[in-house]
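Notes for the one structure printed next.
What you are looking at is a predicted structure, and each value in this text was computed from that prediction instead of being measured. Proteins come first, then strands; the chains are lettered A, B, ... in the order of their sequence lines, and each starts at number 1.
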Amino acid sequence: MKIAEVFLNQTNKRIDHAYDYRVPVHLESVTQEGIRVVVQFGIGNRRVEAFITKIKETTDYSGKIKEIIENIDMEPVLNREQIELCLWMKTVYCSLFYEALSYFTMAVQIKQEIDYYRNYEKLDLDLKQNWFIEHYFDNANEVLPLKKVKPEDRIILAELIKKKAVYSKKSWKKISDPESRKKSIQSSYHLTAMGREALKQDKKFGKKQCELMEYLLRSDMKGEDLKIITAQYKKSLEPLIKKGYVCVNKTASQEQPLNLSAAGYEHQSVILTHNEQRSYNQYQALTKQTSGVFFHVFDAVSKYRLFFKAIEDQLKANRSSVVIFPEINMTFQRMEMFYKYFGNKVGVFHGQLSPKQRTELYLRIRSGEIKVIIGVRSAVFLPYVNLGLIIIDDEHDSSHNSISMPQFHITDIAKKASEIMGAFYIIADNIPRVATWYRIEKKELAVIQIGEEPRFRHAIEIIDMQKEMHQGNMGILSRTLLRYLQSGIEQKRMSVLFINNLGYANSILCRKCGHVEKCPHCGVSLKYLNHDHSLLCHYCGYKKAVPVLCSECGSDKVRHMGYGIDQLEEYLKKVFSGVRIATVQGNMKRSDIKKINKSIASGEFDILIGTQVINKHFNLSNISVAAAVLIDRDLNQGNYQASENVYQMYSRFFAKAMDNKTKGVIQTNEPENDTIYSIKNESFLEFYRSEIHYRQLMHYPPTVKMISLSVFHKKESEAENDSVRLYVSIKEELKAFGMGQAVYKPVRIGVTRGGNITYQIVIKTAKQSVFQNLMSKIIRLGIIEALKSKVSIQIN
DNA sequence: AGCACGCCGACT
DNA sequence: GTCGGCGTGCTC
């Protein structure tokens, strides 16, 4: 008799453990580890989706064992190594099994469907209920899918289920079956010559029609894109198509082969320079001794060549490789290179793939046809055959952190995955994370320097804005910076201003008593809106006029605090008349980025103002002055990683924007800050030493493990109560380990965008195993489940 | 006694 | 989540 160990697709942490089910004889041939099945669960024997993690001959469970009802998959969706990794993630991140599993099944998703059947016994039903039966269950239809029930009739359906006149049955279907290739047609719209002429002549069009045509004038658009103008774009567009002003091009979009660009490429072999070869020899030696290495990158070109060489060697040994980039939409040029070297063995995995494309890629990886994958963090969970190498590029990038449960950092997953699969991992970055360098210092991770560290130092000045203010300059920019900008404008060389704050101003504060206007409901500082001179709460929408006098001390010295991009732009236009300014911020379209880059190259701007997006997508050269306008706000983010973020962000900015002729400026109210000094000195090691000292002192990661439990509830009192309850339980349990002081009292964090009050409990410990014991006990006792609030766990 | 309701705990 | 058990308390 075969027994299957399964985990159920359900959301209760307390019962999220392995259950034994008997494999019925007729399913023995298809039932294996790694497939999804349907089982009966609970007193009502309801049908529940489950995942088989293990097949065994006997069971330790003394109670009655039920049978598996049916299988959903024909073949395993996870291999043995992936199951192990998934189970490890569940324990380490205290997540549900199915939360961890969801990362592995992204390319082979199934969806639940509910069908209803009627009970033919006679029951007393009211008029409406009888009507429902008559209407939906005519004699031909025994099965009623939920989809067919109109939303307004679902209340009646619920009544019928309660009366047991109707019962439901769940089933699961594959979302994308690559076997059933339906051609999906995508329309793109094009403004005809006639349309262009008509637009020029200012013929009479509707308001929306004009907007649509203006939009199409720039380039052809898909229906999706036009939705930005109006959701009902078709209504306005249809008459235009009829008159011949706009034409439609229909293409079968999904039918494109996955790796189109691979066509026509011959496999090239990688040729290294002398220095690269030396680094590669070091790497090869390390692959025999350890399981991972950090590439400290000073030369990006060499880095890529080493990646290619390493992948090439993996292919020679018939092993697969995966390269993880922070985001894929900006890496098309890089992909080109991969195709050049590895042709049709390359696959690209990212969020914009359709379900069908994902499944196709998944199957081709599983079959071993694709051996080189470039992708975003979730690509690490694909079913590789014989994985030999995991590469993580730009490791500092925050996109490598997952935001949904379980919250992991890709490096931790790569480390464990390589351990399970016998692969090697490379972490590459030009400025390392503090956590990574800590491992290097502790000799847990080897390091290889790629390229030469540049010897010259840029000239970066720190300017004390307090002093500036005392000397009578109340403006946003210091006199030094203004002078530099002026000379840049005269020399027709562009300047770049880095400001990490959108909008006009952050909030307003009283210069006399320091009082900041806050939201009476949420306690967060109110954001200043320029257009109607009011204050707005980000979270609850509370709005009020800016007070003339300080509501605390009555002084009239109420001022803006924190300048935003908009205010800086306004200010610059006032100071330099006729100045040509470009602003870049937030999520920009690829086309917009291209356009701005083109304008920059042709010298159309005097000053570029931007947030951290400057670091990513813009080409800067021959810059007159590169300045950090407002560094303090970033330094005072209020989390322990603030300094690290600031160091990463601003070092990258100066490294990117400056050459040896560029002047660098950092404006600050805190000129003695160590982080600012390290940015000025461009010394990572200097920064690292002071930062690690601080973290050791304060017991922050990476010197200790830090576990944060966030408690969310819509009601303030519930969130507070629950967080205290959880805190007390954790403290009690920790006392058993003699570690009662490792947990800190709940702290009110604030309000989430969804309006949930958040409290946070922090546990700091040197030993993560203690935490895992603790959590499994807390979960067994059902303490979290007993709370009304939602709890999420982050581990650093 | 009969029931309605809400809480609790088990679920292989 | 979802079901039944069980205790409480209300009504007849």
Between B:dT12 (P) and A:H17 (NE2): distance, integer Å: 10 Å
Ring centres under 6.0 angstrom apart (A:F7, A:F51): no
A:E785 CD - C:dG1 P separation (whole Å): 9 Å
Test side chain to side chain donor-acceptor pair (under 3.5 Å) applied to A:R36 and A:T105, A:N71, A:D73, the passing residue: A:D73
Distance in angstrom units between A:Q10 CD and C:dG1 C1', rounded: 8 Å
Under 5.5 Å and under 30°: A:Y61 stacked on B:dT12: yes
Protein-nucleotide distance (A:D20, atom CG; B:dC11, atom P), rounded to Å: 13 Å
Position toward the 5' end of DNA chain B (nearest nucleotide), A:R22 or A:I43: A:I43
Whole-Å gap separating C1' (B:dC11) and CZ (A:R780): 17 Å
Gap between atoms CD1 and P, on A:I779 and B:dG9 respectively (whole Å): 18 Å
Length of the line joining A:R46:CZ and B:dT12:P, which is rounded to integer Å: 10 Å
Spacing between A:Q40 atom CD and C:dT2 atom C1', to the nearest angstrom: 15 Å
Residues A:F408, A:Y103; criterion ring-ring contact (aromatic ring centres under 6.0 Å, His included); working and verdict: CA-CA 11 Å; A:F408 57 81; A:Y103 284 96; 5.1 Å; yes
Salt bridge present between A:K173 and A:E113 (N-O < 4.0 angstrom): yes
A:F41 and A:Y19 aromatic centres sub-6.0 Å: yes
Sugar-phosphate only, base, or nothing, as touched by A:F41 at under 4.0 Å among non-hydrogen atoms: base
Under-4.0 Å side-chain N/O to phosphate OP1/OP2 contact, A:K66 with B:dT12: yes
Phosphate OP1/OP2 of C:dG1 contacted by A:Y98 side-chain N/O (<4.0 Å): no
Sugar-phosphate only, base, or nothing, as touched by A:I15 at under 4.0 Å among non-hydrogen atoms: base
